[in-house]
Structure formats: C-alpha cells, structure tokens
Amino acid sequence: MSTPRPRDPQQRSRGLRAPRYRAAAAFAVLAAGASAAVATAGPPARRVGCGEVLTADVRLAADLECSGAVGLVVRADGVDVDLDGHRVTGPRLTADLPSDSYGISVEAHDVTVRDGRVAGWDVGVRVGVEERWSPREPGTAERRGAPGSALLRDLRLELDGTGALTGSEGTVLLTGSVLRGNNTGAVAAGRLVVTRTSVEGNFAGLTVESGGTAPSLALRSSRLQHNDIALLCRRPGLVVQGSAFSTNDTALLADGCAPWTVRDSRFEGNGRHLWLDGSGPATVACTVFTGSAGPGPGPTGAREADGVRVRPCPPRLPGAPGAGAGEGAPPPVRFTPAP
C-alpha cells in the first residue's frame, strides 16, 4: 500500500531516499579530457557480465540484465563505456524493493558512459563513490566519497531510485540525456553540470545535497517537466540558464541555497514556481513566469516572483536569439531531446 505524499513540498523533500556521504573536500572541475575519451573507432563489441570490473574501453554487444546488486564497475582512468544502444537493467524492475544496488559505478577519472539505458537500480550511475571494508564492523562494507569524474551522455536513466549520483568528491557532466520515472533524477553531493537534458516524471528531478564546498549545480539548456519537485537545492552555487520548468508541482525549492542564479529561463504552469526557505541572496534575470498558483511576473521590468526581484532582459541586437519576441524577451530555450 502506497503512503500518501504530504502536500507541503518541504516536507516531501525530507522523505527522499537519496544517499548521503560524509566526506567533504575541495573538488576539481570536470577534466577537459573527458569528452576526448570517445574514440572514433571503438573496440569490437562484446558481452559483459554482471559485476564485471572494467579497466579498458568496452562496447556492449547485448543487453545486460542483472538480478544482483552490481552491474558494472569502472576502475581505470579514461575508459569509454559505450552501451551502443543496449540496456543495463537491475533488480528493481522485477521487485519494487530498495536493493542498495547500482548499475554502473565510476571509480576513476575522465570516464565516459554513453548511448544506452540504465534502469531498475537503487542508483543507476554513480561517480566518485567507493566501498571499503568497515574496520568497525568486520565483514561489512561502507560507502564514502572518493575522487572521480565522468562524462555521461546520450543516456536514458529511468525507473531507478536515483538516476545519477555524484559523490562528495565527484564531478559529472550529464548531457543529451533523459531522466524519467525515478525517485530522484540526479543527486549532486559533489559537482554536477547538466546540459541539453530532459528531466521528467520524477518525484524530485535534480537534488543538490547540503554540505561540501564545491559549486553545486550548473543547469543549462534543459527541460524539467511533470516532476513533484523539479529542482531541490540545499547548497550554495546553483546556476540555471536557458532552461524551461513546466507543469511541475514545485519548480524550484531553495533551502540554504544562496547565492543562486536563474537567467534566460521560463517557468510555465507549475503549481508553484519558487518555494524559498531562508535561501538568502538570489539573482533572477530575463526570466518568464506564467500560469502558476503563485505570483507570476512577465519578462520585463523590475517585477517580483515569489518575493524575488526579477531583473529585465537587456535589449537584443537585430538577428540575435529572441530579438523577434520584443525588447526585453528572454531568448528561446534551445533543447535537443536525447534519442
């Protein structure tokens, strides 16, 4: 029997099952070599096994269906994991129970995971998390943050507890992907950059964990729709640019998130556009708010959106994006859905 969800989104946010990690350190930005890891001529396709540890490039020849808690583990820098359109599926698809499982664990730097579907796991893809045997409890493992970085592109992370997880010392660039039908689409305990991605039909779309010193989340040219909470921010440094929030129960819930910035974006038809709880200084500029139960300003002038001043758009030169929509209008949200 399902438990009714509380109507207050702040109460609901405390019930998320997203993992938390104790480690906190200074984090590096995603290494420039991550995108270069995709070779033009990859390795021959082969079958892989559940629980396999990868130390070299791999291209899947078939779907990987696992009943256990581990899909694939990457433990060498620069590895390219090409799913080649295949699926990596876990035990949550056959038993709707928390399994403490993960589909792909990246425990190295400059790793690329691309072109496939990861579904049915407690965590679909995790980066910067490792397990060590516990000195306090012999025979048991404990999770902790560890350095790691990855490019996740052209992925469909669906029906997971958490689609993608960045550990407290991890860095992830997620691009051209779909996060759909998860308890949480992606969790940033470390550094997360999301571009050209659709986040839809999740309980929480994107969640920024509290603690740590890394900039939290950069969201660009993405679409967040039909989520209970599209974006939940609990750590400073959020930057949203050129993105669209539509038909979510709550679009942005900011709690301890200041300073945060939203520019060149659109909030349309949400139950509430902004839910602010002691979030402090914020910058909202050149952004449209329409069709909400809460206040909804237009794109021009010094307006208020749920108590936050909305700065007007600068005039645009003829021929520039958005110029045809009238002076002060934000540019169109440019979004290319994943295949």
Side-chain angles (χ1 to χ4, degrees), residues 18-38 54-55 57 72-81 102-115 118 123-132 143-155 157 160 162-177 179 184-197 199 205-222 231-241 243 257 259-261:
R20 288 181 169 79
Y21 301 92
R22 298 179 179 177
F27 311 112
V29 296
L30 184 66
S35 58
V38 182
L54 304 175
T55 57
D57 294 352
L72 298 171
V73 180
V74 184
R75 288 191 180 144
D77 293 347
V79 168
D80 175 31
V81 181
Y102 53 87
I104 301 174
S105 180
V106 175
E107 302 171 12
H109 287 286
D110 304 338
V111 172
T112 297
V113 182
R114 59 188 174 104
D115 191 22
V118 183
V123 178
V125 180
R126 68 181 197 181
V127 179
V129 181
E130 65 179 7
E131 293 175 337
R132 295 291 180 88
R143 291 181 180 180
R144 66 179 187 181
S149 59
L151 168 65
L152 310 181
R153 71 177 182 88
D154 302 328
L155 295 177
L157 305 178
D160 296 310
T162 298
L165 168 67
T166 308
S168 58
E169 297 183 51
T171 301
V172 167
L173 170 59
L174 174 66
T175 185
S177 297
L179 309 177
T184 307
V187 173
R191 170 68 166 154
L192 176 63
V193 178
V194 178
T195 68
R196 298 189 304 105
T197 289
V199 183
L206 303 174
T207 297
V208 180
E209 292 288 89
S210 60
T213 58
S216 55
L217 170 66
L219 174 66
R220 303 188 184 99
S221 303
S222 294
L231 199 165
L232 169 60
C233 180
R234 289 177 168 144
R235 189 171 76 246
L238 171 69
V239 176
V240 176
Q241 186 167 15
S243 294
C257 190
W260 53 274
T261 300

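Between Val73 and Tyr102 the shortest side-chain heavy-atom distance falls below 4.5 Å. Between Leu179 and Leu174 the shortest side-chain heavy-atom distance falls below 4.5 Å.
Residues satisfying the side-chain hydrogen bond (donor to acceptor under 3.5 Å, both in side chains) criterion with Thr195, sequence neighbours excluded, are Thr175.
The two residues Ala164 and Leu157 come nearest to each other via the heavy atoms CB-CD1, 3.8 Å. The two residues Ala108 and Arg75 make their nearest non-hydrogen contact at CB-C, 4.0 Å.
Applying side chain to side chain contact (heavy atoms under 4.5 Å, CB included) to Thr166 and the options Val106, Val193, Thr171, Leu192 leaves one that passes, Leu192. Screening Val127, Val81, Thr112, Val125 against Val74 for a side chain to side chain contact (heavy atoms under 4.5 Å, CB included) leaves a single residue, Val81.
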Checklist entry - Should Leu217 and Leu231 be marked as a side-chain contact (heavy atoms from CB on, under 4.5 Å) after you check the CA-CA gap, both sets of side-chain angles, and the distance that decides it? => result CA-CA 10 Å; Leu217 170 66; Leu231 199 165; 4.1 Å; yes
Checklist entry - Are Asp80 and Arg114 close enough, and set up right, to give a side-chain contact (heavy atoms from CB on, under 4.5 Å), and what steps lead you there? => result CA-CA 8 Å; Asp80 175 31; Arg114 59 188 174 104; 2.9 Å; yes
Item to check | side-chain contact (heavy atoms from CB on, under 4.5 Å) evaluation trace for Leu173 with Arg153 | outcome: CA-CA 8 Å; Leu173 170 59; Arg153 71 177 182 88; over 6 Å; no
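Proximity of a side-chain donor or acceptor of Ser222 to a complementary backbone N or O of Arg196 within less than 3.5 Å is detected. Here the side chain of Ser243 pairs a donor or acceptor atom with the backbone of Ser221 at under 3.5 angstrom. Without hydrogens or angle criteria, Arg126 side chain to Ser105 main chain gives no donor-acceptor distance under 3.5 Å. A donor-acceptor pair is defined here as one N or O able to donate and one able to accept, closer than 3.5 Å; no such pair exists between the side chain of Asp110 and the backbone of Asp77.
The CG atom of Leu54 lies 8.5 Å from the CD1 atom of Ile104; values are rounded to the nearest 0.5 Å. One finds the CG atom of Leu238 at 7.5 Å from the OG1 atom of Thr261 (value rounded to the nearest 0.5 Å). One finds the CZ atom of Arg234 at 6.5 Å from the CD atom of Glu209 (value rounded to the nearest 0.5 Å). Note that OG1 of Thr197 is 9.0 Å distant from CG of Asp154, once rounded to the nearest 0.5 Å.
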